[in-house]
Amino acid sequence: MAGHDHHEHDHHHHHTTNQRALFWAFLLIATFMIVEVVGGLWTNSLALLSDAGHMLSDAAALGLSFLAVRFGARQATPDRTFGYRRFEILAAFVNGLTLLVISIYIIIEAYKRLFAPPEIMSEGMLVIAVVGLIVNILAAWILMRGEQDNLNVRSALLHVFGDLLGSVGAITAALLILLFGWTLADAIASLFVAVLILISGFRVTRDAVHILMEGAPHEVDVVAMQRDLLTVTGVNEVHDLHVWSITSNEYAVTCHVLIDETTDDQAVLHDVTNRINRFGAFERSTVQIERAPACCKERTIW
């Protein structure tokens, strides 16, 4: 006998909120990216150019994230029984990889400039960096109004935070060059921001890969769950226990439960389902009840 506990939640509000946040953030970043590219070339500032390069990846990432949320809202089909929710994780994976690539490129360019710092127009660099900071704060505020448990939105927000830090670094470097003539500050600011972007990119990529590999949610202790299920009256064995994430905030669980011939299967199903829900907000759970002679009392634990 199989029991299903399917919690149907209305994701429409979350999808609409995420789409709106991603769209406006994309519009802001894409527009200012053009300004920063021109400004970086004009002032000869690597801090601005690296931030512009990051903004280019941001614009692509935000656009991809927007499409991912739209695809994720599509209904399930006979070919894709879970729908398109996993597309959001694919987009987050791509976003994480672009963060890694951009950060490595910035580190290489900054290293070159440490040994041959060029002349930089600090006044123009400062103005553009301040405007960039305002734009990034606004974009971050818009994205923070989205669903923060959503890995796709969170990865896009990390892109913008990287840009925000890039703007802070560019402002600091511009002030040091303007006040003290320290042109090395431009390359050092770029290196600092690149390391922060590298860390963020690694985390997003790692989380996305974990979900794509059907890993259990980090907050769910699967071994503890199995031990707890074995304490249910009438349960002899729990096997084929699988816990995974369909997307960043949608979990699923399946398991086989072996019970005595005389045990009430509906009572066990009810108790097991309640125990499972103690370990997390599972959108889908499937419990397969199996019967065995009362003499067989195997209690398998990982």
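Everything numeric here is computed off the predicted structure, so don't read it as measured data. Keep in mind that the numbers below use all heavy atoms, side chains included, and drop hydrogens, waters and symmetry copies.
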(Q) Can you confirm whether L90 sits close enough to L212 that some side-chain heavy atom of one is under 4.5 Å from a side-chain heavy atom of the other? (A) yes

Q) What heavy-atom pair brings L143 and A25 nearest, and what distance separates the two atoms? A) CG-CB, 3.8 Å

Q: Applying side-chain hydrogen bond (donor to acceptor under 3.5 Å, both in side chains), name anything that partners R206, two or more places apart in sequence or on another chain.
A: none

Q | Heavy-atom check, side chain of V160 versus side chain of W141, under 4.5 Å | A | no

Q) Run the side-chain contact (heavy atoms from CB on, under 4.5 Å) check on I108 and K112 step by step: do they pass? A) CA-CA 7 Å; I108 293 172; K112 294 177 181 178; 4.0 Å; yes

Q) Taking everything shown except F279 itself, do over 12 heavy atoms lie less than 6.0 Å from its CZ? A) yes

Q. For the atom pair CG (L164) and CD1 (I137), what is the distance rounded to the nearest 0.5 Å?
A. 5.5 Å

Q: Under the side-chain contact (heavy atoms from CB on, under 4.5 Å) rule, what do V35 and T31 come out as? Steps first, then yes or no, please.
A: CA-CA 7 Å; V35 176; T31 301; 5.6 Å; no

(Q) What I'd like to find out is whether the side chain of E283 reaches to under 4.5 Å of the side chain of I246, using heavy atoms alone. (A) no

Q) Under 4.5 Å between side-chain heavy atoms, hopping through other hydrophobics if needed: is there a path connecting I171 to L178? A) yes

(Q) The criterion is side-chain hydrogen bond (donor to acceptor under 3.5 Å, both in side chains); which residues satisfy it with D228, sequence neighbours excluded? (A) R275

Q) Nearest heavy-atom pair of S190 and A110: which atoms, and what distance? A) CB-CB, 4.1 Å

Q | Residue pair A173 / M125: nearest heavy atoms and the distance that separates them | A | CB-CE, 3.8 Å

Q) How far apart are the C-alpha atoms of T273 and L269, what are their side-chain angles, what is the distance that settles it, and do they pass the side-chain contact (heavy atoms from CB on, under 4.5 Å) test? A) CA-CA 6 Å; T273 300; L269 177 61; 4.0 Å; yes

Q) Is there a side-chain contact between F32 and N136, using heavy atoms and a 4.5 Å cut-off? A) no

**Q.** Straight-line distance of T286 OG1 to I276 CD1, nearest 0.5 Å
**A.** 9.0 Å

Q. When hydrophobic residues are tied together by side-chain contacts of less than 4.5 Å, even through go-betweens, does I34 share a cluster with F26?
A. yes

Q. Are T233 and D271 side-chain neighbours, meaning at least one heavy-atom pair lies under 4.5 Å?
A. no

Q | Residue list, salt bridge (Lys or Arg N to Asp or Glu O under 4.0 Å) with E214, at least two apart or on another chain | A | R86

Q | Separation of F93 CZ from I211 CD1 (nearest 0.5 Å) | A | 12.5 Å

Q) Under 3.5 Å, is there a donor-acceptor pair between the side chain of S103 and the main chain of L100? A) yes

Q | Residues D240, Q288; criterion side-chain contact (heavy atoms from CB on, under 4.5 Å); working and verdict | A | CA-CA 10 Å; D240 289 329; Q288 179 72 40; over 6 Å; no

Q. Does a side-chain heavy-atom distance below 4.5 Å link L258 with V235?
A. no

Q) How many angstroms lie between atom CD1 of I102 and atom CG of L97, to the nearest 0.5 angstrom? A) 12.0 Å

Q.
Holding to side-chain contact (heavy atoms from CB on, under 4.5 Å), I want the full list of residues that pass it with D264, two or more places apart in sequence or in another chain.
A. Q266, A267

Q. Counting heavy atoms not belonging to H256, are there more than 12 under 6.0 Å from its NE2?
A. yes

**Q.** Nearest-0.5 Å distance that lies between atom CG in D207 and atom CZ in F202
**A.** 9.0 Å

Q.
When you group the ILVMFWY residues by side-chain heavy-atom contacts below 4.5 Å and let the links chain together, are V101 and I199 in the same group?
A. no

Q.
When you group the ILVMFWY residues by side-chain heavy-atom contacts below 4.5 Å and let the links chain together, are V195 and Y105 in the same group?
A. no

Q: Examine distances only and state if a side-chain atom of H210 and a backbone atom of P217 form a donor-acceptor pair shorter than 3.5 Å.
A: no

Q: Check the surroundings of atom CH2 in W244: do more than 12 heavy atoms from other residues, nucleotides or ligands lie under 6.0 Å from it?
A: yes

Q. Quick one: side-chain hydrogen bond (donor to acceptor under 3.5 Å, both in side chains) partners of E219, sequence neighbours excluded?
A. Y251

**Q.** Short side-chain to backbone donor-acceptor contact, R291 and T263, under 3.5 Å
**A.** yes

(Q) Taking M144 as the starting point, is it possible to reach I142 by hopping between hydrophobic residues whose side chains are less than 4.5 Å apart? (A) yes

Q: Please report the closest heavy-atom contact between L241 and C255, naming both atoms and the distance.
A: CD1-CB, 3.6 Å

Q: Could you work out the complete set of other residues in the hydrophobic cluster of F180, with links drawn between I, L, V, M, F, W and Y side chains under 4.5 Å apart?
A: I107, Y111, L114, F115, L176, L179, W182, L184, I188, L191

Q) Side chains of V287 and V253: closer than 4.5 Å at any heavy-atom pair? A) no

Q.
I'd like to know if the side chain of Q226 and the backbone of V238 have a donor-acceptor N/O pair within less than 3.5 Å.
A. yes

**Q.** Rounded distance (nearest 0.5 Å) linking atom CG of L28 with atom CD1 of I134
**A.** 12.0 Å

